[in-house]
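Each remark here refers to the structure printed beneath this line.
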Amino acid sequence: MSDREIMEYDVVIIGAGPAGLACAIRLKQLKEELNVCVIEKASEIGGHILSGAVIEPEPLDTLLDGWRDDPPPICVPAGRDEFLLLSKTGRRKLPTPPQQKNHGNFIVSLGAMCAWMAPKAEALGVDLFPGFAAADLSLAEDGSVQGVVIGDMGVDRQGEPKDTYVQGIEIRAPLTVLGEGCRGHLTKRLIAKFKLDADSDPQTYGIGMKELWQLPEGRTEKGLIQHTVGWPLPNSIYGGSFIYHLDRDRVALGFVCGLDYQDPEFSPFEAFQQLKHHPEIKKLLADGEILSAGARALVEGGYQSLPRVEAPGAMLIGDSAGLLNVPKIKGTHQAMKSGMLAAEHIAEKGSAEGFDARLRASPITAELKKVRNIRPGFQKGLWRGMFTAAVETVTLGKLPRTLPNHADHEQYRKLNGHNFSYDWVERDLPPRDRLASVYFASTDHDEDQPIHLKIIEPDVCFDRCEEEYGNPCTKFCPASVYEKVEDENGKRIQVNAANCVHCKTCDIADPYQVIEWVTPEGGAGPNYRNL
Ligand code: SF4
């Protein structure tokens, strides 16, 4: 028997992102008497949220009547759309794909939007617990989920209690809703325990990096939404950039690439920094300064990778379920709609049972189905991908064929025999390197706590990985957490866990799947501002 203190709720929601907050608000709107809490590992709501983000407003219209009169702090009506093909020195305007037309949408900071939604949830009676990390699922004797266990605080690096030790409580509820975002560690455990992915393709992912820039006066065109494909990526790597022009001479600049790239020595961070040296983008950024920056994995598998979204006592919503619409480059509307749908299901049925069928029969899944072949179409390169996208769009997704998704980490080519090369330039814009970039994420971890990045089989790193793949963890991590060191004890991977920005890329992209991301103490991690 556990001697942990137990708190009881009717519904516990993990993650105060758009899905979790929409679920909490909708639950209280529908059934005021329900006791609902939201657990969030960031020290402040929105502190771990990073997204483009251009959002469709429909879910906000449904959920928060009158929100347009009291909008989130960053909320710029979409203006012109531009879709650009970049070469190393030039750019060509292409017709904007229909999915990327943004008339009627809004550019927001998703972090700031969540911070703006949080008091609205509290006003309805939702208990919000920022700074509390749900470390594990709590399972009942019959194996069903009965809540979560909050991580202990004040444990040293060796796992021993310090003077500041406080045992984490257990939060029990008949229903646990996981809205952890992409690659949540509890979601991963739930999917594995209940084999929720037995009938779906492997989930696939990308990594997104974003910087918020303050530019000299008059440089921006408020509301302009620019997307690029092409340089600095070769045609074989899926990805592109976004430049969203905000108010007050700020732009949100971001870069996304699929984690199914084949070159184990490729560095997404370096590609992002290269992008900033394209003549047009460099001109835009000249004499500007970075206000904040960060990185986050995003879920790209869509319809064919959608796992079963219910288990006894638990439900998956938002990016925990994998509802991002890749061709639209948007997931917020899907996240909010799925949170609201989960709330409606709970209010009506009082259990998770039937939620999977309900989500699959909803417009949320229909939206994914319509574009299901577009992302896998890019596995054969940019031009094949564009062609598949055009066919899928014209046929409204009605082709009988569904292209399969394959696990990203299986796509690496071994080092010998493959020479990948990139047409890149000498860099001079900040940040110099990944460590300098971590500064803009304001990430903060007490170093005297157990390392939250577990290399489950460390021997693999030098017995196999170094020779076969050159230790890609030292390249794909955007925060330079993994470092090869050699001293009198031999070679090892040093894990600089304090730098981690919780993007989850290592948990996804390690070729041997021996890296496991678990949550550090609540409140630790990045402290994103307006990302
Ligand atoms: Fe992302 Fe993993 Fe690096 Fe942390 S250690 S920043 S989760 S890749």
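A quick note: this is a predicted structure, and the numbers were derived from the prediction, not measured. When a ligand or atom number is given, it counts from 1 through the structure's own listing order.
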Is the shortest side-chain N to carboxylate O distance from D152 to R4 below 4.0 Å? yes
Heavy-atom distance under 4.5 Å between the side chains of M117 and M336, does that happen here? yes
Can you find a heavy atom in the side chain of Y512 that is under 4.5 Å from one in the side chain of R464? yes
Restricting to pairs with a member in residues 487-506, which pass ring-ring contact (aromatic ring centres under 6.0 Å, His included), not counting sequence neighbours? H48-H502, H445-H502, H452-H502, H502-W517
Which protein N, O or S atoms lie under 2.8 Å from atom 4 (Fe) of ligand 1, given by chain and residue number? C500 SG
I'd like to know if F476 contacts ligand 1, where contact means a heavy-atom distance under 4.0 Å to any ligand atom. no
For the residue pair H406 and D260, establish whether any side-chain heavy-atom pair is separated by less than 4.5 Å. no
Are the side chains of Q494 and N496 in contact, using a 4.5 Å heavy-atom criterion? yes
